[in-house]
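Only heavy atoms go into these numbers, but all of them, side chains included; no hydrogens, no water, no symmetry mates.
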Amino acid sequence: MDAKLLLDNLEFGVVAIAPDWTIAAWSAAAARITGLPVERVLGQSFWVAFPAAKATHIERMLQEVLHDGKAQTYLAPAAATDFPGMVFETHVSRGPHNHLIMAFRQVREQLGPESRAAHLMSALETERRLYAQLFSSLPTPALVLTVDGQILEANPEGVTLLGASDPVALRGRPMGDWTPAAHRAPLAAALRDAVTQRQELRLTVEYAGEPPRDVRAVIVNVDPMRQAPKLLFLALDVSREALLQQRLLQADRLSQLGALVSGVAHELNNPLAAIAAFGEALTLDPNQADVEESAEVIRSEAMRAGRIVQTLLDFARQRPRVQTAVDLGEIADRVLALQRSGFKKARIRASVSVAKDVPAVAGDPQELQQVLLNAVVNARQAIENSGRPGQIVIAAQATGHHVVVTVDDTGPGVPAEILDRVFEPFFTTKAEQGTGLGLAISFGLVRGMGGRMWMQNVEGGGARLSFELPVDAGDAGAASQVASGAASRRLSVLVIEDEDSVRRAMALLAKRLGHEVTTVGRYADATERLAAPNVRYDALLVDVHLDDEHTGFDLFERLREEGRGRERRIVFTTGDSISLHTRDALQRADRPVLRKPFSLDELREMLERVSGT
């Protein structure tokens with residue numbers, strides 16, 4: 001009779017394990033008893049197919065039989081969830097070519113229903129089912145790991161986190177397969193330390209076809225009595241939490257933008273009307289004094305319009321959080337400029353009281369602007385609801401290594417019974433007009449910048465919102481000091497700008513600084529100029545958008561590839577402040593940016609920076 005046919009018809013399962021621990025044979029009876037088909041285990045490492053047997057009495061027995069050739073038999077419940085409630089009697093012997101032969105059969109049905117062993121097995125099975133149900137019902141991803149990171153079990157949420165089809169596909173695989181190289185060493189250290197003490201860590205989980213996910217994990221030894229402990233890995237996917245917070249922030253910004261639209265339109269139309277009027281005056285009145293006055297008004301009003309647009313774009317766009325030196329006075333001025341029309345209608349006088357010696361704070365300019373705007377809008381609405389004229393004052397003063405910012409209003413104040421609830425999410429006193437998110441988000445933003453926020457009523461009437469932020473370690477005033485200096489030497493400047501009027505204006509300003517200026521309007525003209533022999537430019541003012549086929553970044557890459565270092569002479573110019581593509585490209589190029597419209601001092605600073613003067 002054929003040997004394989006004989007094995008397949010036996011009542012007990014037969015497994016052959018090669019010296020390298022590969023499963024060399026898995027009989028049909030073994031598949032029938034365990035429910036594991038041949039194709040799932042044949043050719044796999046025994047320790048990958050059955051990771052729960054590692055570092056147990058089973059491994060010790062297999063090693064002993066392999067070493068001395070003496071057959072052994074043991075009776076034990078199955079260690080894996082593949083075999084719920086099963087008890088196996090297993091006979092292990094050493095066969096030809098140092099193969100281990102395991103013959104096993106299920107013996108539970110042979111126990112008498114009234115026997116002590118049967119009662120013990122019934123109790124064991126009840127406990128097993130309870131803990132298996134608890135593990136699989138956990139609402140967060142959970143894995144059972146060995147100390148070296150091998151996955152023994154995974155609940156449904158854990159399977160989803162790792163992008164697998166079922167728990168079986170994960171067993172025996174190292175957790176490090178799903179973590180980037182930089183996170184593997186911290187993970188390994190946390191697993192080792194978790195044997196004796198609970199560990200917490202943050203790491204990234206990634207697999208093909210899906211964006212990386214940030215998780216906060218807790219690792220606990222749930223089997224400390226065994227020589228080979230089992231570690232429970234509980235993970236919280238904080239990517240979803242971060243996404244929700246980002247969406248809440250954006251929703252709050254959008255709700256504020258709706259309230260800002262009418263005010264911004266008013267603030268833009270006024271300076272633009274002045275520009276048009278004084279521009280027409282320049283063509284009609286030849287008097288030199290009047291022309292000089294008109295030109296100054298045109299310049300100042302154009303710059304004001306540009307600052308309003310920049311403030312609105314900076315506020316609306318999404319971008320990663322940054323930590324830099326922030327000038328509180330500048331942020332406060334920008335916020336009040338956006339609200340000027342609303343203040344006028346509500347008969348509110350608004351002012352900023354920030355002394356020049358107040359240091360810059362460490363934070364995110366956009367987030368700090370959102371915090372101040374929330375505070376000012378709340379203060380304005382409180383005064384409006386009172387029906388009386390009022391006043392809003394933004395002030396700041398240094399206190400040691402921190403700066404305290406206050407926003408005072410002369411409204412009715414905050415009722416004492418709700419003063420301790422104003423920072424709760426979705427708590428609002430404005431009925432349908434309020435989202436209840438403004439102050440809650442501001443509180444979180446300030447805390448994220450390392451500060452704290454509180455609310456109090458002012459004696460005599462009104463409310464005061466205060467927040468404290470750490471002082472920036474650097475010198476925020478250095479840049480402004482550089483800008484005020486005169487050009488130290490005559491430079492050769494190449495202006496590359498596709499719009500004729502803007503190109504002429506940039507050339508005019510650069511010549512006013514005493515520099516020699518060459519202008520071109522197309523990418524091809526620029527490359528031709530730069531290829532000319534014996535031509536050297538100290539600075540290149542390059543517009544981000546040149547023509548239909550080329551951008552300023554194309555020119556940057558061309559100069560970088562030629563290897564002469566001329567790309568370091570580039571200053572990019574742009575009016576595109578909200579395009580994600582433009583921001584990413586500017587970040588990669590790592591060159592200074594001159595945003596339109598710009599002043600003579602800003603141009604002077606940029607030219608001196610790239611020319612090294």
Worksheet item: Run the side-chain hydrogen bond (donor to acceptor under 3.5 Å, both in side chains) check on N155 and S136 step by step: do they pass?
Response: CA-CA 5 Å; N155 74 344; S136 63; over 6 Å; no
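- At a threshold of 4.5 Å between non-hydrogen side-chain atoms, the residues Q150 and P174 do not count as touching.
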Practice prompt. Evaluate the salt bridge (charged side-chain N to carboxylate O under 4.0 Å, His left out) criterion for residues E153 and R171: first the C-alpha distance (whole Å), next the side-chain angles of each, then the deciding distance (0.1 Å), finally the verdict.
Written response: CA-CA 6 Å; E153 292 293 341; R171 287 185 195 136; 3.1 Å; yes
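- Of the possible donor and acceptor atoms, none in the side chain of N374 sits under 3.5 Å from a partner among the backbone N and O of V377.
- By the 30° and 60° cut-offs, the orientation of the rings of F443 relative to F423 is tilted.
- In this structure, the side chains of V215 and W178 stay at 4.5 Å or more apart for every pair of heavy atoms.
- With H99 contributing its side chain and H97 its backbone, the two residues share a donor-acceptor pair below 3.5 Å.
- Closest approach of I331 to P365, counting heavy atoms only: CD1-O, 3.9 Å.
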Discussion item. R334 vs Q369, test: side-chain contact (heavy atoms from CB on, under 4.5 Å). Steps then yes/no.
Written reply: CA-CA 8 Å; R334 292 171 68 176; Q369 180 175 312; 3.8 Å; yes
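- The CE atom of M61 sits 9.0 Å away from atom CE of M102, with the distance rounded to the nearest 0.5 Å.
- Judged by distance alone, the side chain of R591 and the main-chain N or O of F572 form no donor-acceptor pair under 3.5 Å.
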Worksheet item: Under the side-chain contact (heavy atoms from CB on, under 4.5 Å) criterion, do F556 and V542 qualify, and how do the steps go?
Response: CA-CA 9 Å; F556 173 83; V542 181; over 6 Å; no
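- Counting heavy atoms from C-beta outward, Q72 and E64 have side chains that approach closer than 4.5 Å.
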Practice prompt. Check the pair E59, Q63 against side-chain contact (heavy atoms from CB on, under 4.5 Å), reporting the backbone distance first and the verdict last.
Written response: CA-CA 6 Å; E59 181 184 14; Q63 294 284 6; 4.1 Å; yes
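- The heavy-atom pair separating M449 from L469 by the smallest distance is CB-CD2, 3.9 Å.
- Here the closest heavy-atom approach between residue R94 and residue D68 is recorded as NH1-C, 4.2 Å.
- Side-chain atoms of H91 never come within 3.5 Å of backbone atoms of T73 as a donor-acceptor pair (strictly under, hydrogens ignored).
- Contact check for V144 versus I151: no side-chain heavy atoms found under the 4.5 Å cut-off.
- For the residue pair P212 and T204, the shortest heavy atom distance occurs at CB-CG2, 3.6 Å.
- You'll find the side chain of L62 reaches within 4.5 Å of the side chain of V92, heavy atoms only.
- Within the 4.5 Å cutoff, the side chain of L143 has heavy atoms near those of the L162 side chain.
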Practice prompt. List the steps and the verdict of side-chain contact (heavy atoms from CB on, under 4.5 Å) for L368 and V361.
Written response: CA-CA 10 Å; L368 187 53; V361 297; 4.1 Å; yes
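- Between V220 and L231, the closest side-chain pair of non-hydrogen atoms is not below 4.5 Å.
- When all heavy atoms of P141 and L161 are compared, the closest pair comes out as CB-CD2, 3.8 Å.
- Annotation for E157 and P139: closest pair CG-O, 3.7 Å, computed over non-hydrogen atoms.
- For T22 (side chain) and A24 (main-chain N/O), no donor-acceptor pair under 3.5 Å exists by modelled atom type.
- Taking 4.5 Å as the limit, some side-chain heavy atom of E206 sits within range of a side-chain heavy atom of P180.
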Show me the donor-acceptor pairs within less than 3.5 Å that the side chains of residues 189-199 make with the rest of the protein, sequence neighbours left out.
residue : atom : partner : partner atom : Å
T196    : OG1  : D193    : O            : 3.4
R198    : NH2  : E200    : OE2          : 3.0
Q199    : NE2  : Q197    : O            : 3.2

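- In this structure, the side chain of R184 engages the main chain of T179 through a donor-acceptor pair within 3.5 Å.
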